[in-house]
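Below is one structure, written out as structure tokens; comments come after it.
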Amino acid sequence: MMIDLNSDVGEGFGSYKFGTDGLLIKEVTSVNIACGFHAGDPVIMRKTVEIAVKYSKSIGAHPAFPDLMGFGRREMKLSEEEIRDYVLYQIGALNAFVKAAKGKLTHVKAHGALYNMAAKDDWMARAIARAVFDFDHDLILVGLSGSKQIEEAKAIGLKVANEAFADRNYNGDGTLVSREYGNSVIKDVDVIVKRAISMVKDGTVKSIDGKIIELKVDTICVHSDTPDAVQIARKLREGFEGAGVEVRGL
């Protein structure tokens with residue numbers, strides 16, 4: 001059995017620092033780098049890409065709504081054409097730095113509200129998938145396990161990676177509990193590791209209302225803004241290895 005550990009990184013802006021990217025990138029196998037719309041800027045993008053290349057991590061673009069003020073976590077009403085163009089623009093921006101660092105872009109994962117809305121709305125999922133396919137049909141599209149994003153990406157001919165979240169609670173329908181609620185993020189490291197192993201080996205996770213949800217998992221996300229993110233990533237690697245699961249990049 002195999003699993004990828006990914007993290008959303010490069011999410012500072014200007015003089016504002018965010019997370020512990022230098023340490024976290026060492027622990028995960030894939031990184032999703034902010035492209036400037038919800039966080040990140042050209043300098044941060046370059047530096048983050050260079051760290052990822054140095055440690056031979058799988059590099060992905062992390063496009064979002066144009067929402068710096070809301071960190072990309074606010075829903076926006078845009079047309080299918082606008083979403084496609086915004087995603088394509090951000091992939092291209094990050095890829096410039098990846099090429100300059102002599103790296104390779106392997107995947108794309110939407111951020112925040114764009115990710116969550118595309119998990120449920122087929123037309124929005126289709127817009128993201130089309131942008132990724134038009135840029136490079138060999139890229140992997142990362143989306144919430146079993147969601148519309150996965151369905152539309154597969155329908156258009158893209159490779160996909162079903163994603164689960166070790167540090168987030170789930171609703172009974174398989175969606176993530178909104179960050180508006182206090183129980184959305186799990187902070188107990190032991191609980192996170194136990195849940196993650198169960199997700200991969202058993203293909204299940206328990207929702208906040210006690211429902212057992214079946215899910216396919218190719219990659220597990222550790223959020224860089226979760227307290228003790230570096231320790232969580234390290235413990236996840238140890239836990240998977242102890243359970244006979246190989247940890248490798250996309």
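Side chains are part of it too, since the values below use all heavy atoms of this structure and drop only hydrogens, waters and symmetry mates.
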*Find out whether Leu105 and Phe135 are in side-chain contact, i.e. whether some heavy atom of one side chain is under 4.5 Å from a heavy atom of the other.*
yes
*Check: Thr204 main-chain N/O paired with Asp202 side-chain donor or acceptor under 3.5 Å*: no
*Checking Asp21 side chain against Gly10 main chain: does a donor-acceptor pair fall under 3.5 Å?*
yes
*Any donor-acceptor pair under 3.5 Å linking the side chain of Asp228 with the backbone of Gln231?*
no
*Glu50/Lys54 ion pair, N-O < 4.0 Å*: no
*Looking at Lys104 and Ile59, what are the two nearest heavy atoms and their distance?*
O-CB, 4.0 Å
*asked:* Tell me the closest heavy-atom pair linking Ala233 and Leu5, and the distance in Å.
replied: O-CD1, 3.9 Å
*asked:* Using modelled atom types and a 3.5 Å cut-off, is there a donor and acceptor pairing between side-chain atoms of Gln90 and backbone atoms of Ala64?
replied: yes
Determine all donor-acceptor pairs shorter than 3.5 Å in which one atom belongs to a side chain in residues 238-250; sequence neighbours excluded.
none

_Going by side chain to side chain donor-acceptor pair (under 3.5 Å), name the residues that satisfy it together with Asp136, two or more places apart in sequence or in a different chain._
none
*asked:* Before you tell me yes or no, could you show the steps for Arg195 and Asp167 under salt bridge (Lys or Arg N to Asp or Glu O under 4.0 Å), namely the whole-Å CA-CA distance, both residues' side-chain angles and the distance that decides it to 0.1 Å?
replied: CA-CA 9 Å; Arg195 280 167 60 91; Asp167 56 2; over 6 Å; no
*Spell out, as yes or no, whether a donor-acceptor pair under 3.5 Å connects the side chain of Asn162 to the backbone of Gly146.*
yes
*Side chains of Lys159 and Ile140 in contact at under 4.5 Å (non-hydrogen atoms)*: yes
*Quick one: list whatever passes side chain to side chain donor-acceptor pair (under 3.5 Å) with Asp138, sequence neighbours left out.*
none
*Do other residues, nucleotides or ligands put more than 12 heavy atoms under 6.0 Å from Met1 CE?*
yes
*For the residue pair His62 and His111, categorise the inter-ring angle as parallel (less than 30°), tilted (30 to 60°) or perpendicular (more than 60°).*
perpendicular
_Other residues, nucleotides, ligands: >12 heavy atoms within 6.0 Å of Glu75 CD_ = no
*Grab the two heavy atoms, one from His223 and one from Ala229, that are nearest each other, plus how far apart they are.*
O-CB, 3.4 Å
_Looking only at the side chains, is there a donor atom on one of Glu163 and Tyr115 sitting less than 3.5 Å from an acceptor on the other?_
yes
*With sequence neighbours left out, write down each residue that passes side chain to side chain donor-acceptor pair (under 3.5 Å) with Asp4, or none if nothing qualifies.*
Thr29, Ser30, Thr219
*Do the ring centers of Phe37 and Phe65 come within less than 6.0 Å of each other?*
no
*Arg168 side chain to Val177 main-chain N or O, any donor-acceptor pair under 3.5 Å?*
yes
*Output yes when a side-chain donor or acceptor of Lys211 lies under 3.5 Å from a complementary backbone atom of Lys206, and no otherwise.*
no
*Should Asn171 and Ile213 count as side-chain neighbours, where that means a heavy-atom distance under 4.5 Å?*
no
*For residues 141-157, which residue pairs qualify under side chain to side chain donor-acceptor pair (under 3.5 Å), counting only residues two or more places apart or in two chains?*
none
*Would the number of heavy atoms belonging to other residues, nucleotides or ligands and lying under 6.0 Å from OH of Tyr89 be above 12?*
no
_Side-chain donor/acceptor of Asp41 to backbone N/O of Ile44, under 3.5 Å_ = yes
*Pairs touching residues 177-191 that satisfy side chain to side chain donor-acceptor pair (under 3.5 Å), sequence neighbours left out*: none
*What's the shortest heavy-atom distance between Ile33 and Val49, and which atoms?*
CD1-CG2, 3.7 Å
_Minimum-distance pair of heavy atoms, taken over all atoms of Ala166 and Leu236_ = CB-CD1, 4.4 Å
*Hey, does the side chain of Arg234 reach the backbone of Glu27 with a donor-acceptor pair shorter than 3.5 angstrom?*
no
*Which heavy-atom pair separates Ala61 from Leu94 by the least distance, and what is that distance?*
CA-CD2, 3.4 Å
_Tell me which one of Asn32, Thr48, Val28, Thr20 satisfies side-chain contact (heavy atoms from CB on, under 4.5 Å) with Val9._
Thr48
*Between Thr175 and Asp173, a side-chain donor and acceptor under 3.5 Å*: yes
*Determine whether Ile25 and Ile232 fall in the same hydrophobic cluster, where Ile, Leu, Val, Met, Phe, Trp and Tyr are linked whenever their side-chain heavy atoms lie under 4.5 Å apart.*
yes
